[in-house]
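Working notes for the structure below.
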Amino acid sequence: MADNANSKNIELEFPDGSVRSFETGITGRAIAEGISKSLAKKSVAYVLNGELIDLADPIHSGGKIEIVTRSDDRALELIRHDCAHVLAEAVQEIWPDTKVTIGPVIENGFYYDFDRAEPFTPEDLERIEKKMREIIQRNLPFEKKIVSREEARAVFDAMGESYKLELLDAIPEGEDVKLYSQGEWTDLCRGPHMPTTGQVGSAFKLMSVAGAYWRGDSDNRMLSRIYGTAWADEKQLKNYLHMLEEAQKRDHRKLGREMDLFHFQEEGPGVVFWHAKGWKVFQQLVSYMRRRIEEHGYDEVNAPQILDKALWQTSGHWDWYRENMFTTQTEDDREFAIKPMNCPGHVQIFKNGLRSYRELPIKMAEFGNVHRYEPSGALHGLMRVRGFTQDDAHVFCTSEQLEAECLRINDLILTTYSDFDFGDIVVKLSTRPEKRVGSEEGWDRAEAIMQKVLNQIEAESDGRIKTELNPGEGAFYGPKFEYVLRDAIGRDWQCGTTQVDFALPERFGAFYIDQNSNKQEPVMVHRAICGSMERFIGILIEHYAGHLPLWISPVQAVVASITSDANEYAEKVVATLKAAGLRVEADTRNEKINYKVREHSLVKIPAIIAVGGREAEQGTVSIRRLGSKHQTTMTLEEAVESLTQEAIAPDLKRAAQAG
RNA sequence: GCUGUUGUAGCUCAGGGGUAGAGCACCUCAUUGGUAAUGAGGAGGUCGGGAGUUCAAAUCUCCCCAACAGCACCA
């Protein structure tokens, strides 16, 4: 594009590729009006070179422009943000002495934090929502004013909005201070906003009240936060609310009780009582992982539960992790700690005896039962507990071996997730934090290797794996990969992790003898795949909504007799299926088949095998699968064949195919 | 840990200053019924724990515990 001689004109490129010239200073609204009246009416903002801007803002330089209408996905952010402002105005209209703080957009909605002596009640929410609809009805314009710091200070000072004054001070020098007003109500805000409050629409709902610390710092005052959700139209809102209901239905705490998998009780906050069926799932998962790590050349070990505090002082845990540790004292006044991590134990095993470079890499795995005194408010079913089992492993290797080991671990992690039907995986690389140990050269080297690995992970995945960088988020002892998986209803869970550790081998004085008979410090890699077996099972329950795959189901089939005449045959079917290695139970109770089907369906038995006179006579079975209303009749032999095939764990299936 | 809410039978929940109620589940009996609840009868709780107020508390007050939502935390 040639420079226009007339500096008063700018050139704007539209999404269709057309380029038009405008007088500099033209507003987005004027451009929209120039295109069509209806567009102008529907538009809520414009995007210039990727940045969302107020429709009324003038344009001073050329570039790619796009007019954003209310139905555009990018407008959703505006709807939510505007809704937050309306919420704040509503609250202050009802309770004028409430102070406002911040109200950002979040996933699915927005929130606003208020400082108020009395907490909000659910009834208050209804009242506020009503007031919000009133404000939206008024349909007043959002008006922006760019002011000096002094002006802004005067405005909020007069209003007594101390939090806004604090926010004002935090705005970096050189950045505009903007005030947005809707009628009489004014807020300090970066914007952008839609032209009027009316465009917020009616597809919103206040969801809940909660406490939240001012500026996210637990040393600060606790504010009252109101959460809301907002959407472009009623249908989207309805879908969202429906999704929430679905999520509630698959809550692992509810399903865990219904399926008789586990329970919690008051005397053991944060520790799991695994029932027979839940423990079966647990054991299936452990067996699977055990086969996988064997396949990948790990050796399983087991280190003590309780160790002298001296060991934890050496590892450093006693200093920086003590408030999270359970400790125990004996009669002779020795103090012990129940292990919160397995690493120190594994280093002891590494150190016991003299290690040669020929042995490396040493891959030590443990299904390590650890205990951590988690804050009471953090506990959440199986997802956050105080006692759990890590599928932990430590790889002791040379720095030359690091790259290959990271890739090997990556392969193990990704195949495991895919075996559990997790499709979307994000791998995040966290790099050196401010507080860290080790030399800069060491960090440089490790980060370079891991960046290379990260690139390779992405390249090899055919776009299935996304990668991200988390600068400064690494552990103090080394950079790490975090593996985040997305479940069936779109929630993200961080499970796997690969962490390079410069610190621990040194602290414990672990070394191996290299080619030149010199002592060398090994690189230690911490790695987990499921993270916590307990939590992973919680995630699986929610991911599958209780419909566990056959191979991991605690009870794979129930054989239900239709009349007592068929009881004997039912027992025979059970015996046959059990002999084939399936986990099967008989239901020969004096109940109707409808009753039995309902009951076993509710507890998510994958296959209900009904047998009556016909089946007994013909040597067949009638199978009804969970989630289906239909049944299939086949011979007992066919049933054994099809169920045993399906019950083969995915790794074994893979091995069979390869072999 | 912080803010708020909740805690009544195995589960879901009603009640509420004068010593507890429903449905489902459970037990018994009858029923032998073809794919999401057969009928009848019965048993079961002292109302999360402790202290206090009161003639009297499950119901009011205080303390503690646990759960739930969010925040903070999550090596």
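Computed over heavy atoms, backbone and side chain alike; hydrogens, waters and symmetry mates excluded. Order of the sequence lines sets the chain letters (A, B, ...), proteins ahead of strands, with each chain counted from 1.
Across A69(B) and U12(B), the matching P atoms stand 14 Å from one another, rounded to whole Å. Here the separation of C73(B) from C2(B), taken at their P atoms, is 16 Å to the nearest Å. On the P atoms, U6(B) is 27 Å away from G45(B), given to the nearest whole Å. When the C1' atom is used for both A37(B) and G33(B), the distance is 13 Å, rounded to whole Å. On the C1' atoms, C11(B) is 16 Å away from A67(B), given to the nearest whole Å. Between U8(B) and A30(B), the distance separating the two C1' atoms is 34 Å to the nearest Å. Straight-line distance between the C1' atoms of C62(B) and C68(B): roughly 23 Å, to the nearest whole Å. Distance noted for atom P between A14(B) and U38(B): 28 Å (whole Å).
Counting any heavy atom pair closer than 4.0 Å across all strands shown, L223(A) reaches no nucleic acid atom. G613(A) comes within 4.0 angstrom of a base, heavy atoms only. Residue contacts shown for R384(A) include a base, since a base heavy atom lies under 4.0 Å away. At the heavy-atom level, A610(A) lies under 4.0 Å from base atoms of the strands shown. Among the atoms of the strands shown, base atoms are found under 4.0 Å from some heavy atom of E591(A). Residue contacts shown for F476(A) include a base, since a base heavy atom lies under 4.0 Å away. The residue S218(A) sits close only to the backbone: its heavy atoms come under 4.0 Å of sugar-phosphate atoms, none of a base.
Donor-acceptor pairing under 3.5 Å, judged by distance alone, is absent between the side chain of R221(A) and the base of C2(B). Between the side chain of S224(A) and the base of U3(B), no donor-acceptor pair of N or O atoms lies under 3.5 Å. Contact of Y213(A) with G70(B) (side chain to base): no donor-acceptor pair of N or O atoms is detected under 3.5 Å. The base of G34(B) is paired with the side chain of E615(A) by a donor and an acceptor separated by under 3.5 Å.
Relative ring orientation between Y483(A) and Y417(A) is described as perpendicular, the plane-to-plane angle rising above 60° on a 0-90° scale split at 30° and 60°. Ring geometry for Y321(A) versus H317(A): interplanar angle over 60°, hence perpendicular rather than tilted (30 to 60°).
A close approach under 4.0 Å does not occur between any side-chain nitrogen or oxygen of S601(A) and OP1 or OP2 of A36(B). For R253(A), a side-chain nitrogen or oxygen approaches OP1 or OP2 of A69(B) to under 4.0 Å. At A69(B), one or more side-chain N or O atoms of H380(A) fall inside 4.0 Å of OP1 or OP2 (strictly under the cut-off). At the phosphate of A36(B), OP1 or OP2 sits under 4.0 Å from a side-chain N or O atom of R624(A).
Classification of R215(A) and D217(A) as a salt-bridged pair fails, no side-chain N sitting under 4.0 Å from a carboxylate O. With salt bridges taken as basic N to acidic carboxylate O contacts below 4.0 Å, none links R614(A) and E617(A). A salt bridge links D444(A) with R432(A): the closest approach of a Lys/Arg side-chain nitrogen to an acidic carboxylate oxygen falls below 4.0 angstrom. A salt bridge is defined here as a Lys NZ or Arg NE, NH1 or NH2 lying under 4.0 Å from an Asp or Glu carboxylate O, and E335(A) with K309(A) meets this definition.
In RNA chain B, runs of at least 3 stacked Watson-Crick or G-U pairs (N1-N3 plus N6-O4 or O6-N4, or N1-O2 plus O6-N3, all under 3.5 Å) give these stems: B:1-7 with B:65-71, B:10-13 with B:21-24, B:26-30 with B:38-42, B:48-52 with B:60-64.
Here A37(B) presents its C1' atom at 5 Å from CZ of R598(A), a figure rounded to the nearest Å. Rounded to a whole Å, the CD atom of E118(A) is 15 Å from the C1' atom of U5(B). Counting to the nearest Å, the C1' atom of G34(B) and the NZ atom of K592(A) are 10 Å from each other. Residue M222(A) contributes atom CE, which lies 9 Å from atom C1' of G1(B) at whole-angstrom precision. In this structure, CG of D260(A) is placed 12 Å from P of C11(B), rounded to the nearest angstrom. Counting to the nearest Å, the P atom of U32(B) and the NZ atom of K596(A) are 14 Å from each other. At whole-Å resolution of the value, CG in L379(A) and P in C2(B) are 14 Å apart. E599(A) places its CD atom 14 Å from the P atom of A36(B), with the value rounded to the nearest Å.
Out of C71(B), U3(B), C26(B), the shortest distance to the side chain of Y595(A) is found at C26(B). Nearest nucleotide to the side chain of S622(A), out of U35(B), C11(B), C71(B): U35(B). The side chain of A378(A) sits closest to C73(B) out of C73(B), A66(B), A37(B). For P375(A), taking side-chain heavy atoms from C-beta onward, the closest of the listed nucleotides C71(B), G33(B), G1(B) is G1(B). Taking the side chain of E266(A) as heavy atoms from C-beta on, and the options U12(B), A37(B), G48(B), the nearest nucleotide is G48(B). With distances taken from any side-chain atom of R614(A) to the nucleotides U32(B), A36(B), G34(B), the minimum falls on G34(B).
Cation-pi contact between R221(A) and Y163(A): absent, since separation from the ring centre below 6.0 Å together with deviation from the ring axis within 45° is not met. For the pair K435(A) and F476(A), the cation does not sit on the ring face, since its NZ or CZ is not both under 6.0 Å from the ring centre and inside 45° of the axis.
Of the two residues contacting RNA chain B, namely V597(A) and E482(A), the nearest-nucleotide position lying further toward the 5' end is that of V597(A). Taking the nucleotide of RNA chain B with the nearest heavy atom to each of Q631(A) and A210(A), the more 5' of the two is matched to Q631(A).
Between the side chains of K99(A) and S162(A), a donor-acceptor pair is found at a separation under 3.5 Å.
With ring centers used as reference points, Y112(A) lies 6.0 Å or more from F110(A).
Screening I605(A), I608(A), L550(A) against R625(A) for a side chain to side chain contact (heavy atoms under 4.5 Å, CB included) leaves a single residue, L550(A).
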